[in-house]
S.K.: 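Please find one structure pasted underneath; my questions will follow.
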Amino acid sequence: MAVIKKPVIAGNWKMHKTIAEARELAASVARGFPEVSEAALILIPPFTAIQEVKRTVSGTDIAVGAQDLFWEEKGAFTGEISPLQLKEAGCDFVIIGHSERRQFFGETDETVRKKVLAALNHELTPIVCIGETLEEREKGQTLNRIQTQLENSLFALDASSFSRVVLAYEPIWAIGTGLNATPEQAEEVQAFIRSLIASRYGKTLADYAIILYGGSVKPNNALSLAREKDVDGFLVGGASLEAESFLGIAREALRAVRD
Ligand code: 13P
């Protein structure tokens with residue numbers, strides 16, 4: 001039996017938008033939402049705008065997330081944000097292990113593992129990013145890299161915890177470059193991810209796992225990517241900064257489900 005899932009379209013706004021700009025963007029997405037309400041939309045603004053975005057989309061089914069968290073609840077950790085604080089601000093999701101955090105801020109599979117546990121303990125759904133560099137791809141190490149990341153950061157979880165994790169395959173060479181993975185490249189890796197989940201947790205859990213693709217997703221490439229069997233939605237950067245392109249991606253993902 002094929003598993004029918006709602007496409008998940010998450011917009012990672014990265015370090016963009018003031019509070020006022022965030023309110024405007026969230027309001028525009030909320031206005032367009034009825035047309036794409038069969039998709040699950042998640043807005044992921046910078047920390048300062050989370051509360052305002054949550055307020056702006058209240059009354060709709062649009063969810064809000066954060067771009068990172070720290071694993072302690074409170075304490076002397078200058079500059080960090082705890083899961084409790086994110087929940088209070090209105091988050092239901094949190095990105096963990098984005099490649100920009102790994103590349104610029106020393107995130108490792110070990111810190112990802114701790115953050116995932118903290119998120120799950122506070123009823124936040126982690127969106128865990130994994131992906132290879134261009135050099136790793138060119139050396140034929142892509143699948144090895146993906147397997148190592150999964151094993152080191154997630155596969156110690158028990159099945160019920162793992163079933164609450166969303167995965168995002170984001171090839172680092174495709175992020176912000178305008179160079180998206182082809183549908184075949186995305187499918188190869190995402191099918192591999194699902195097969196690893198099946199070996200570790202069984203086929204049913206693997207079939208229900210949500211695996212997003214991220215990396216230069218735009219309305220004009222979303223349909224062919226979304227048609228791939230193991231692409232359950234998108235983690236969108238640049239194209240999530242305008243309501244029209246973000247909603248356009250959701251529309252294309254829904255078309256792929258209907259076709
Ligand atoms: P772009 O869509 O800008 O390539 O960013 C992808 C990404 O990093 C989402 O987390």
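Side-chain atoms are counted along with the backbone in the values below, which use heavy atoms only and exclude waters and symmetry mates. Numbering of ligands and ligand atoms starts at 1, following listing order.
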S.K.: Measure the acute angle between the ring planes of F77 and F70, then classify it against the limits of 30° and 60° as parallel, tilted or perpendicular.
M.R.: tilted
S.K.: Nearest protein heavy-atom contact for atom 6 (C) of ligand 1: which residue, which atom, what distance?
M.R.: G237 N, 3.7 Å
S.K.: State the atoms of ligand 1, each with its element, that fall below the 4.0 Å cut-off from a heavy-atom position in N12.
M.R.: 9 (C), 10 (O)
S.K.: What about S216: any of its N or O atoms under 3.5 Å from an N or O on ligand 1?
M.R.: yes
S.K.: Of the options R145, R137, K139, which is the one that meets E132 in a salt bridge (charged side-chain N to carboxylate O under 4.0 Å, His left out)?
M.R.: R137
S.K.: May I ask you to identify the nearest protein heavy atom to atom 7 (C) of ligand 1, giving residue, atom name and distance to one decimal place in Å?
M.R.: E170 OE2, 3.2 Å
S.K.: Roughly how far apart are E252 CD and R227 CZ, rounded to 0.5 Å?
M.R.: 8.5 Å
S.K.: Closer than 4.0 Å to some heavy atom of G215 - which atoms of ligand 1 meet that?
M.R.: 4 (O), 6 (C)
S.K.: Need the ligand 1 atom indices (1-based, order shown) with element for anything under 4.0 Å from a heavy-atom of G176.
M.R.: 1 (P), 3 (O), 4 (O)
S.K.: Can you list the ligand 1 atoms lying under 4.0 Å from a non-hydrogen atom of A174?
M.R.: 4 (O)
S.K.: What residue and atom, counting heavy atoms only, is the protein's closest point to atom 3 (O) of ligand 1, and at what distance?
M.R.: G238 N, 2.8 Å
S.K.: Can you find an N/O atom of L235 closer than 3.5 Å to an N/O atom of ligand 1?
M.R.: no
S.K.: Pairs of nitrogen or oxygen atoms closer than 3.5 Å, one from K14 and one from ligand 1: do any exist?
M.R.: yes
